[in-house]
Asker: 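Submitted below is the structure of interest, expressed as structure tokens.
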Amino acid sequence: MGAQLGQPSGETAAHRQLKRLTLLWAQAQGFTACAVEVTLPKCRYRADVVAYRTSNDRGVTAVFECKQARCDLRRDNCCTSVTQSRLQTLCRRRQTLEKHLRIHYPSLRISDSLFPEFDSHNFGAIGHHNYGRVLKELQALQNRLYDCGKFERLMRYRCANLLFLVLTPEVFDEAEIPVGWGALVQSEEHLTLVRKPVWQDVAKDHSLRVLQRIAAAGTRRLNRQLGITFDDVIAERSGNPYCP
């Protein structure tokens with residue numbers, strides 16, 4: 001089964017095992033259509049495992065994110081509102097520091113404009129400790145805000161009815177599970193549900209798009225296993241045109 005899952009660049013054996021257990025658990029819960037590495041509608045994110053099942057004549061979708069390292073979990077678990085508030089505080093602090101540095105270090109001015117009021121300043125030239133620390137934290141928070149809010153966005157965009165984190169016992173910490181997400185924890189060769197997810201209503205057409213993404217991801221993986229390339233498909237289409 002591990003070989004069938006494929007191996008994305010840099011993926012560890014522990015992460016592949018979590019995906020395998022997730023596929024097993026999802027199918028045991030009645031999710032008959034499942035795929036790994038699925039790009040989701042409404043957002044740019046790719047989920048580790050996505051599953052679909054029918055219930056009372058409607059589709060139910062589930063997204064699973066597998067995390068086998070705490071740093072990987074924290075990288076995607078950013079609270080946007082808190083981060084934005086801290087960013088605003090740091091921006092005000094930077095502006096205050098730059099105002100005082102212009103006054104106390106006029107030599108930092110760089111005459112790179114036709115108009116003096118638009119001249120820039122090389123604030124890094126003096127190695128000011130507090131200013132350098134503020135810039136470093138600003139950059140880190142900006143990167144975190146734009147690249148590390150995956151869990152929050154998947155919930156806000158209603159990418160699926162159910163959202164699960166799949167974790168090793170070493171990584172699981174109840175306090176770090178995002179609001180609304182369920183948690184599955186590895187126990188040898190099985191997964192144990194330790195927190196139920198909050199149900200999210202999604203539009204019927206969105207569920208169908210998720211099912212299409214699952215089918216497309218499964219087809220791509222099957223093509224790789226069978227050695228079928230895009231050029232092969234184009235050549236077959238050219239040689240055997242069919243217009244229903």
Side-chain angles (χ1 to χ4, degrees), residues 1-55 57-69 72 75-76 143 146-151 153-166 184 186 189 191 200 202-244:
M1 182 69 173
Q4 293 176 352
L5 290 179
Q7 184 175 350
S9 177
E11 185 178 35
T12 65
H15 193 261
R16 290 197 303 276
Q17 175 66 357
L18 285 179
K19 289 199 295 189
R20 177 187 181 277
L21 294 177
T22 300
L23 285 170
L24 181 62
W25 186 89
Q27 291 175 78
Q29 309 308 312
F31 289 94
T32 53
C34 307
V36 298
E37 306 298 331
V38 179
T39 302
L40 297 168
K42 292 187 178 182
C43 66
R44 60 184 174 86
Y45 294 118
R46 185 174 63 181
D48 288 323
V49 178
V50 179
Y52 177 96
R53 75 182 181 197
T54 55
S55 177
D57 295 327
R58 68 174 179 178
V60 177
T61 54
V63 165
F64 302 83
E65 281 293 300
C66 303
K67 303 296 179 184
Q68 50 91 33
D72 190 23
R75 183 187 63 202
D76 290 331
N143 290 339
Y146 299 128
D147 297 331
C148 305
K150 183 176 183 179
F151 297 157
R153 289 189 179 99
L154 291 181
M155 175 67 68
R156 177 155 36 99
Y157 296 163
R158 296 183 177 270
C159 290
N161 299 114
L162 303 169
L163 302 172
F164 293 91
L165 283 180
V166 185
L184 292 159
Q186 181 180 7
E189 292 298 313
L191 294 178
Q200 294 195 112
V202 300
K204 183 177 180 180
D205 62 332
H206 175 75
S207 295
L208 290 176
R209 288 200 298 271
V210 172
L211 180 59
Q212 291 169 347
R213 297 293 179 93
I214 291 172
T219 300
R220 288 194 299 269
R221 189 165 296 275
L222 186 59
N223 282 344
R224 287 196 294 270
Q225 292 176 359
L226 298 177
I228 298 174
T229 67
F230 182 72
D231 289 339
D232 293 334
V233 175
I234 295 300
E236 180 67 19
R237 182 184 301 166
S238 301
N240 296 280
Y242 171 66
C243 297

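Predicted, not measured: the structure shown is a model, and the values here were computed from it.
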Asker: Mind checking the CZ-CG spacing from Phe64 to Leu162? Nearest 0.5 Å is all I need.
Answerer: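 So the CZ of Phe64 and the CG of Leu162 are separated by 7.5 Å.
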Asker: Please report the shortest heavy-atom distance between Ala33 and Ile214, naming the atom on each side.
Answerer: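 Here Ala33 and Ile214 meet closest at O-CD1, 3.8 Å.
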Asker: Counting C-beta onward and ignoring hydrogens, is there a side-chain heavy-atom pair between Gln27 and Cys34 closer than 4.5 Å?
Answerer: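 Contact flag for Gln27/Cys34 side chains = yes.
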Asker: Are Asn223 and Thr229 packed together at the side-chain level, in the sense that at least one heavy-atom pair is separated by less than 4.5 angstrom?
Answerer: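 A side-chain contact is absent here, since even the closest heavy-atom pair is not under 4.5 Å.
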Asker: Do Met155 and Gln200 come within less than 4.5 Å of each other through their side chains, counting heavy atoms only?
Answerer: yes
Asker: Would you list the pairs meeting salt bridge (Lys or Arg N to Asp or Glu O under 4.0 Å) in which at least one residue belongs to residues 226-235, sequence neighbours left out?
Answerer: none
Asker: Quick one: side-chain hydrogen bond (donor to acceptor under 3.5 Å, both in side chains) partners of Arg220, sequence neighbours excluded?
Answerer: none
Asker: Any side-chain heavy atom of Thr61 within less than 4.5 Å of one from Val50?
Answerer: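 In short, these two side chains do not touch, never coming nearer than 4.5 Å.
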Asker: Report the C-alpha distance between Glu11 and Lys19 in whole Å, list the side-chain angles of each, state the deciding distance to 0.1 Å, and finish with yes or no for side-chain contact (heavy atoms from CB on, under 4.5 Å).
Answerer: CA-CA 11 Å; Glu11 185 178 35; Lys19 289 199 295 189; 2.8 Å; yes
Asker: Would you call Leu163 and Glu65 a side-chain contact if the rule is heavy atoms closer than 4.5 Å?
Answerer: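 Leu163 vs Glu65: side chains apart.
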Asker: Do Arg213 and Leu40 come close enough that some side-chain heavy atom pair is under 4.5 Å?
Answerer: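 When only atoms from C-beta onward are counted, Leu40 and Arg213 do not touch, as no gap falls below 4.5 Å.
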Asker: Nearest 0.5 angstrom please: Arg156 CZ to Cys43 SG, how far?
Answerer: 11.0 Å
Asker: Of Val38, Val63, Leu23, which meets side-chain contact (heavy atoms from CB on, under 4.5 Å) against Val49?
Answerer: Leu23
Asker: Apply side chain to side chain donor-acceptor pair (under 3.5 Å) to Glu189 and Gln17, showing your working.
Answerer: CA-CA 9 Å; Glu189 292 298 313; Gln17 175 66 357; 3.2 Å; yes
Asker: So, taking the atom named CG in Leu165 and the one named CG in Leu184, what distance separates them when rounded to the nearest 0.5 Å?
Answerer: 9.0 Å
Asker: Just how far is it from atom CD of Gln68 to atom CZ of Arg16, taken to the nearest 0.5 Å?
Answerer: 10.5 Å
Asker: Which value, rounded to the nearest 0.5 Å, describes the distance between Cys66 atom SG and Leu18 atom CG?
Answerer: 5.0 Å
Asker: If I compare all heavy atoms of Ala35 with all of Gly218, which pair ends up nearest, and what's the gap?
Answerer: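 In terms of heavy atoms, the two residues are closest at CB-N, 4.3 Å.
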Asker: Could you tell me whether the side chain of Arg53 and the main chain of Gln29 form a donor-acceptor pair under 3.5 Å?
Answerer: yes
Asker: Between Thr54 and Asp57, is there a donor-acceptor pair closer than 3.5 Å when you use the side chain of the first and the backbone of the second?
Answerer: no
Asker: By the ring pair (Phe, Tyr, Trp, His ring centres under 6.0 Å) test, which pairs, at least two apart or in different chains, include something from residues 20-41?
Answerer: Trp25-Phe164
Asker: Take Glu37 and Arg221, measure what salt bridge (Lys or Arg N to Asp or Glu O under 4.0 Å) needs, and give me the verdict at the end.
Answerer: CA-CA 10 Å; Glu37 306 298 331; Arg221 189 165 296 275; 5.6 Å; no
Asker: Report yes if some heavy atom in the side chain of Val166 is under 4.5 Å from a heavy atom in the side chain of Lys67; otherwise report no.
Answerer: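 No, their side chains stay 4.5 Å or more apart.
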Asker: Which is it for Ser207 and Arg58 under the side-chain contact (heavy atoms from CB on, under 4.5 Å) test, yes or no, and what are the steps along the way?
Answerer: CA-CA 9 Å; Ser207 295; Arg58 68 174 179 178; over 6 Å; no
Asker: Using side-chain contact (heavy atoms from CB on, under 4.5 Å), reason through Tyr52 and Val60 one step at a time and then give a plain yes or no.
Answerer: CA-CA 6 Å; Tyr52 177 96; Val60 177; over 6 Å; no
Asker: I need the Lys150 NZ to Cys159 SG distance, nearest 0.5 Å.
Answerer: 10.0 Å
